[in-house]
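What's counted below: heavy atoms across the whole structure, side chains too, no hydrogens, waters or symmetry copies. Note on naming: letters A, B, ... go to the chains in the order of the sequence lines (proteins, then strands), and numbering restarts at 1 for each one.
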Amino acid sequence: MPGSETAVGLRGLRKEFGPVTAVDGIDLEVRDGEFFAMLGPSGSGKTTVLRMIAGFEPPTAGTIELGGADVTRLAPFERDVNTVFQDYALFPHMNVLANVEYGLRVKKVPKAERRERALAALRSVRLAGFESRRPAQLSGGQRQRVALARTLVNRPRVLLLDEPLGALDLKLREEMQVELKELQRAVGITFLFVTHDQEEALTMSDRVAVFDRGRIEQVGTPAEVYERPATAFVAGFVGTSNLIAGAAAEKLLGRSGTYSVRPEKLRVVPGADALAGPDERSAAGTVAEVVYAGPATRFVVDLDAGGRLIALQQNLQVSSMEVLGLRGARVRLVWQRRHEFAIT
Amino acid sequence: MPGSETAVGLRGLRKEFGPVTAVDGIDLEVRDGEFFAMLGPSGSGKTTVLRMIAGFEPPTAGTIELGGADVTRLAPFERDVNTVFQDYALFPHMNVLANVEYGLRVKKVPKAERRERALAALRSVRLAGFESRRPAQLSGGQRQRVALARTLVNRPRVLLLDEPLGALDLKLREEMQVELKELQRAVGITFLFVTHDQEEALTMSDRVAVFDRGRIEQVGTPAEVYERPATAFVAGFVGTSNLIAGAAAEKLLGRSGTYSVRPEKLRVVPGADALAGPDERSAAGTVAEVVYAGPATRFVVDLDAGGRLIALQQNLQVSSMEVLGLRGARVRLVWQRRHEFAIT
Amino acid sequence: MSRAGAFLHRRAGVRLALLLSAPLAWLGLAYLGALAALLVTAFHSVDTFTGTLNRTFTWANFLDLATGEVYRTIVLRSVGVALAVTAIDLVVAFPMAFAMAKLAGPRTRRWLVIAVLTPLWASYLVKAYAWRVMLSSGGLLGWGFGLTATVLTLAYLWLPYMILPIYAGLERLPGSLLEAAGDLGARSWQVFRTVVWPLTFPAVIAGSIFTFSLSLGDYIAVKIVGGRSQLIGNVVYDNIGAAGDLPFAAAVATVPVVVMLGYLAAVRRTGALESL
Amino acid sequence: APAPGQSGFVPPRLSAPQALGTGEGQVDLVAWAGYVEDGSNDPKVDWVTPFEQETGCQVNVKVAGTSDEMVALMRTGQYDAVSASGDASLRLIAAGTVAPVNTSLIPNYTDVFDGLKSKPWNSVNGVPYGVPHGRGANLLMWRTDTVRPAPDSWSVVFDPNSPYKGKVTAYDSPIYLADAAVYLMATRPDLGIRSPYALDDRQFQAAVDLLKQQKQVVGEYWSDYTKEIQAFKSGDSVVGTTWQVIVNVAKSERAPVEAVLPKEGATGWSDTWMVAARAAHPNCAYRWLDWIISPTANAQVAEYFGEAPSNAKACAETADPQHCATFHATDEAYFSKVHYWTTPIAQCLDGRTNVTCKDYAAWTRAWTEIKG
Amino acid sequence: MNLSRPARLLLRLALAAGLAVIYVPLAVVLLNSVNADRTFGWPPAGLTLRWWGAAWASSGVREALWTSVRAGLGATAIALVLGTMAAFAVQRHRFFGRQAVSLVIILPIALPGIVTGIALNNAFRTVLEPFGVGLGLFTVVVGHATFCVVTVYNNVLARLRRTGIGLEEASADLGAGPFTTFRLVTFPLIRSALLAGGLLAFALSFDEIIVTTFTAGAGVRTLPIWIFENLFRPNQAPVVNVVAAALIVASLIPVYLAQRLSSDVGTH
Ligand SMILES: Nc1ncnc2c1ncn2[C@@H]1O[C@H](COP(=O)(O)OP(=O)(O)OP(=O)(O)O)[C@@H](O)[C@H]1O
Ligand SMILES: Nc1ncnc2c1ncn2[C@@H]1O[C@H](COP(=O)(O)OP(=O)(O)OP(=O)(O)O)[C@@H](O)[C@H]1O
Ligand SMILES: NCCCCNCCCN
Ligand SMILES: [Mg+2]
Ligand SMILES: [Mg+2]
């Protein structure tokens, strides 16, 4: 579990590439042992931050601390961090064992010891027996695990992971998410994890930083970020942003401004005149579309008050045929007041 | 809506690559106007089937019919099908307009007509105004739409799509799923769609064929496939497969064999001794893990009877803090009998 | 046209045959044939005065070649020169290619490629003479003529042929591999030794085929700056001219052929022929 | 079949034309650089255009770098005439590549110096196989500032203890063995060398040994003008064989050099224009032979290339009135010390019949061995 | 790139030094083209534009240049066709002896020029002469093309390997036959590789002496041969420097254009 010591500290970190400001002044503390996710759209500066921490890019301004020591000006091989690259960057001319041993080899760890530690690392990622394969002979998931073993064997203070699951297919990706999380718990190393997949960030991490255009918009636990987004951008990026705005807001909420309710907070009640409870609000509308998605069904509802909301409903009891029949029906969407939040 | 005529007919289709049997005898009928998904894990032969239909690979055995005519031995350019490739395969040296006009140009359609049709196709994928851009200047989603327009402009009888959304990030992918589905409704062309993403297959298609190791395991509507999987493989591949087997099955269900209940069909009731309703069953256990995923929370429950089940619970009312507090708690999982199914 | 197209589509074998026909007729039949005919000539003899070829089989030329100590010296010297040229070019070209491929920005890179290509257009002879001028006593360098001068001049002449393949090889080398090595604790020279060198080795070999073979066959540069030296190419040249002793010249010419074939065979295993 | 180089010297039976017809409109020549200038290199140097205008024969020329190349080119049968040096001419005659010429069809032949007519390198048994083009000697050149006293003997380039060690230069060709033989004729009378081109085993070995010994003091071998002039200008070479024209250019570039025909005598060349036996354009070829030894053209080419003209009347036509004097054109005593290049063959050219001599192939291999 | 600062500096220095080594002799050539000394002795005896004038007046240079250009273009054209065909065969098909094709293509460049030269000379004389075909520009083109094929082959092969067949399949899928596909898709995609390979082929041919010496016929004088001959003529050697200097300057244009052309096609 996350400790309270600081593993990574960024202060006023900036990076400019010519006219482009890739990272625009970032302050961040990642605690020892934390599984920390950096979430944001493409081009928001996540990779650049990671590369500065690893030492591949010198910052334009600001400092980087690892375990309390300023490493801003150290070379990559002088920093006690390791990186799992998005494309894994396995050495194609070495077999799996040689790849995993690499970090120990260049640090002149005696042969017997490095062999032993490499084999242990391979066991920890469940790749015992694959020692003599070449990277080209592995599947995507296996490669990812070799890349992981290659870093773990060095027992770094911090592990940086740049979208390590980005190239995998969905099924494998879900399996790897579970494995990665378990591995992190087991080794206790701080993981700093880059992703643009909100669900991945929410399910795996202890805390999340949401990036936009080189800045951090919000840092918090997954629940904080999802349920109390600090900005409109966070609301939209982390989850479906169901907006109630303009005339609809006036009519339904009695206030002007823009508000949002998460789809899963909306109950779909057949018939337009169902009643709402005391702390609840509701809106009548027509079901424009019903999308069956296996575990859940999505209802796209055109509100009488204007605008469109999406409601998510777990397929707990209803059979699929029943829900599909709702297309075109009049319904009322009901939600608790505490689940509305204003968008700024 | 799907008609009843056969758009694509495959009979005894096989493909061997040397010692590898990629496609192992497939029979399939896709109806006119259907949105048909081919779902299966990596290497199950989906792409190979698509490539045989398009004419890029000659089958080792079997026949392919398009609209009732045998096309097994025709060249790709002699077949009235078009393909949207996984990597889009846009011509990098032509601008968007030239890409879209390409099919008409090689068929010697007069310049004025082909310009007009290409512009219409671009409008239908909402890319009017992008005519003179190069593919390299487009985002992933825009490229995908150009690839679509490039095929739609030819008004093929059947459109083949090989994981057209595979390369997109999650956010964009969800948007494109909706667009693609709407487009197919609008143009009425048969879509034969390859994916390994079960949710994608379930939400978009009229019918799904589930592939495994070169064979089709099941063909049916999304609900049929999800709720009544024909084989253990389908059960596992389409959705999380929650297994109750061996001693646990004897104890909880009073029967031997292997059974499954979908996570979203399980209610999590705090306290181990909650009561089940008349048509319901229940199992006591301890929450091993709570994974907060934004719209929903996953509970991993170790059953007292042995084994482990995952329950999915929409975050409808509860706040995230409450659910996270359940880790380690005693709970009872409750489900309706009709939601159990035996795995063969 | 489209029927021919459909036919070709169905017949991969016909397609292949058409594609291979001309290149193989040219290189496989004509060129290899010419080489074979030359080899056959090496087993003939010639009336050196009238220049008429005597087509009776004889080992005489090869015997002369094998027993003449001077030929062994010259062959060893020539191979030594070719190796030295290759080594110098490698040492000079590698860092240059590395800086071009991995340090320069894309625009600068384009200009650097041009800069490296430019000397190819200044005549070989003129460049060799420029070196003669620089090496002569009182010249810019004034180091004098001889074998060292020959090696330097040849190394200069063939340098672009070494830089270009290595540059191409380095450009293909993903930057992330170098970063990964540094990230895992390797210092610059360790990165070079464990990652860069093994992965660009085929490109180096490709470049060395140029420098090695061009040096092995040269007989002109050595005449210009070689002082008293001669190389295997001079022997071939002198003999083919001298009384038109084609058979003996052919026999001598088999030496560089054998050396190169041995080199190519050794190199084939590295996969370099694939990435030339 | 006779062993290589061992066949006797009986030229194939070929005859010369008795009369000339009209020109074929074209003639294909093989020549030394500078022998057939049409103004394309220097508009002021042109004796081909007037020929073309006068005869209507279009001239195509292939420049050869060495005698061997000339022989090879002529053997292709694609050429009508060639400016063969003595080390090529006999080979061409023996192989039947060139035919006898009927000198009565070449009016200018009468004015050719007698010292050049009917020589072993241009005639067989009194039958001429071509017309003489010009001649020159391979002189000894030295830098006056370093080589003192002024040498008058080849010994300065053969002395193994030469003070000029490393700065001696020699001509880079197997034919240079003859230079050694000339020196041996004077210094080793016991060897009994009568012609430097007719060396038996013992004589040949002596020449080879001399050159091997000389190699220790040689700085570089030369084979082209530019290289030798540069070497003497820079001082990389200070003494060695040369051609008169090189001396002239070097001097004009203010190089402190002088040259002499050493007391032992020297090798030299006398080139002969010959007509191919299978010439496709014999009439134009004969007209070219007549043209190139005509007083004006012969004067031009002799001056441009730097040699003595073959036509006595050419001396009056040279731009430099001193040209014939400088190149000793009329000095038969001077040329009597010159042994013109001739192809060594197995049959000794000095008339000996009891021994076989080393042929040019052997010379070539020996040259390879000398250079090492 | 994560190189240490000193390593970067060292590499940049090496590049600069290498370029200096490349360009100093070229500067010498340039200087010698205005060197008053007839045999361009060092240091220059004085500066003169005389040789530039002489070169300008020399029709021999122009003819030789033209011959070289024709030979180079001919050899390059053949190399483009043969190299492309062979690259397609090897990259798009699997067949017995596939490895040998690469070897046969590399051989002419790998074997010393003098071997190639005398082999071809020998073959031409025995095969062509009986048909009354002598050595000429044609045989030069043939000889040069033989060792130029490899540059085109390598470039096209590398390009084909990188682009794959996806785009060609897309074209066929949209209704284009193989010939149309080649014209509209394949050719544009390999164009820059053809350009790069062709440029190198042309450069090889343009500067070839040894093979040319053995394959050229009467009156066929390529520029290197002209230069070779003129180094043996008094008064002409300085003109050779002018020609080389002019070529260096003039070559910048085609090389630059080729570079531009080859980088404008974005392939993914
Ligand atoms: N070497 C570079 N030169 C110039 N601009 C760069 C460079 N590296 C990154 N950038 C720019 O900096 C910004 C941030 O890029 P970065 O790669 O950090 O984004 P990211 O959040 O990792 O995006 P993605 O999710 O696409 O990987 C982008 O606008 C990018 O174009
Ligand atoms: N050209 C080929 N040569 C040899 N084997 C092949 C070839 N193409 C496909 N295969 C094999 O055939 C099988 C099916 O491959 P296919 O590409 O059809 O799978 P897929 O279902 O599309 O998988 P994915 O989801 O990874 O795209 C695999 O085992 C694959 O390795
Ligand atoms: N085997 C023939 C090689 C020819 C290479 N010539 C290179 C000329 C120098 N640019
Ligand atoms: Mg990134
Ligand atoms: Mg596939």
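- When all heavy atoms of C:Ala115 and E:Tyr23 are compared, the closest pair comes out as O-OH, 2.7 Å.
- Interface remark: C:Thr41 contributes side-chain atoms only to the contact with chain E (heavy atom separation under 4.5 Å).
- The contact between C:Ile220 and chain E is made entirely by side chain atoms (from C-beta outward), counting heavy-atom distances below 4.5 Å.
- Counting heavy-atom pairs closer than 4.5 Å to chain E, the top-ranked of the candidates C:Ala168, C:Ala130, C:Ser215 is C:Ala130.
- When all heavy atoms are compared, the tightest approach of E:Arg12 to C:Leu103 is NH2-O, 3.6 Å.
- With contacts defined as side-chain heavy-atom distances shorter than 4.5 Å, the pair C:Leu264/E:Leu103 qualifies.
- Across all non-hydrogen atoms, the minimal contact from E:Leu19 to C:Met96 is N-CE, 3.7 Å.
- Taking the side chain as every heavy atom from C-beta outward, E:Leu26 and C:Pro119 approach each other to under 4.5 Å.
- E:Leu107 has its side chain within reach of C:Leu35: a pair of non-hydrogen atoms, C-beta onward, lies under 4.5 Å apart.
- Listed options E:Leu31, E:Val81, E:Leu82, E:Val104 were ranked by heavy-atom pairs under 4.5 angstrom with chain C; first place goes to E:Leu82.
- Using a 4.5 Å cut-off between heavy atoms, E:Leu10 makes no contact with chain C at all.
- Annotation: maximal heavy-atom pairing with chain E below 4.5 Å, among C:Leu216, C:Leu24, C:Val133, C:Val92, occurs at C:Val133.
- Neither the backbone nor the side chain of C:Ile232 comes within contact range of chain E, judged by heavy atoms closer than 4.5 Å.
- Between chain C and the residues E:Ala244, E:Ala89, E:Ala123, the largest count of heavy-atom pairs under 4.5 Å involves E:Ala89.
- Contacts with chain C were tallied for E:Thr146, E:Val29, E:Ile248; E:Thr146 has the most, counting heavy-atom pairs under 4.5 Å.
- Closest heavy-atom contact between C:Pro95 and E:Ala14: CB-CB, 3.7 Å.
- Both the backbone and the side chain of E:Pro25 have a heavy atom closer than 4.5 Å to some heavy atom of chain C.
- Side chains of C:Pro23 and E:Met85 form a contact here, defined as non-hydrogen atoms less than 4.5 Å apart.
- Interface residue E:Val149: only side-chain heavy atoms are found under 4.5 Å from chain C.
- Neither the backbone nor the side chain of E:Phe124 comes within less than 4.5 Å of any heavy atom of chain C.
- The side-chain heavy atoms of C:Tyr31 and E:Pro108, taken from C-beta on, include a pair separated by under 4.5 Å.
- Looking only at heavy-atom pairs under 4.5 Å with chain C, the residue among E:Ile210, E:Ile78, E:Leu13 that has the most is E:Ile210.
- The side-chain heavy atoms of C:Leu120 and E:Asp207, taken from C-beta on, include no pair separated by under 4.5 Å.
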Verify side-chain contact (heavy atoms from CB on, under 4.5 Å) between C:Tyr129 and E:Asn32, making sure each step is shown before the conclusion.
CA-CA 10 Å; C:Tyr129 258 96; E:Asn32 276 335; over 6 Å; no
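- Atom CZ of E:Arg161 is separated from atom CZ of C:Arg172 by 7.5 Å, given to the nearest 0.5 angstrom.
- For C:Leu159, the part lying under 4.5 angstrom from a heavy atom of chain E is the side chain only.
- Atom OG of C:Ser123 and atom CD of E:Glu208 lie 11.0 Å apart (nearest 0.5 Å).
- At a threshold of 4.5 Å between non-hydrogen side-chain atoms, the residues C:Leu164 and E:Leu200 count as touching.
- Interface check for chain C: of the options E:Thr213, E:Val142, E:Leu120, E:Ile105, the most heavy-atom pairs under 4.5 Å are formed by E:Val142.
- Heavy-atom pairs under 4.5 Å with chain E peak, among C:Phe94, C:Trp131, C:Trp121, at C:Trp121.
- Between E:Ile22 and C:Tyr156, the closest heavy-atom pair is O-OH, 2.6 Å.
- The candidate from E:Leu247, E:Val101, E:Val115 with the greatest count of non-hydrogen atom pairs under 4.5 Å with chain C is E:Val115.
- Rounding to the nearest 0.5 Å gives a distance of 5.0 Å between CD1 of E:Ile109 and CZ of C:Phe210.
- Separating the CG atom in C:Leu19 from the CZ atom in E:Phe95 is a distance of 9.0 Å, to the nearest 0.5 Å.
- C:Ala253 and E:Ile118 get closest at one heavy-atom pair: CB-CD1, 4.2 Å.
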Run the side-chain contact (heavy atoms from CB on, under 4.5 Å) check on E:His93 and C:Leu20 step by step: do they pass?
CA-CA 11 Å; E:His93 296 267; C:Leu20 279 178; over 6 Å; no
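- Taking 4.5 Å as the limit, every side-chain heavy atom of C:Tyr124 sits out of range of all side-chain heavy atoms of E:Phe206.
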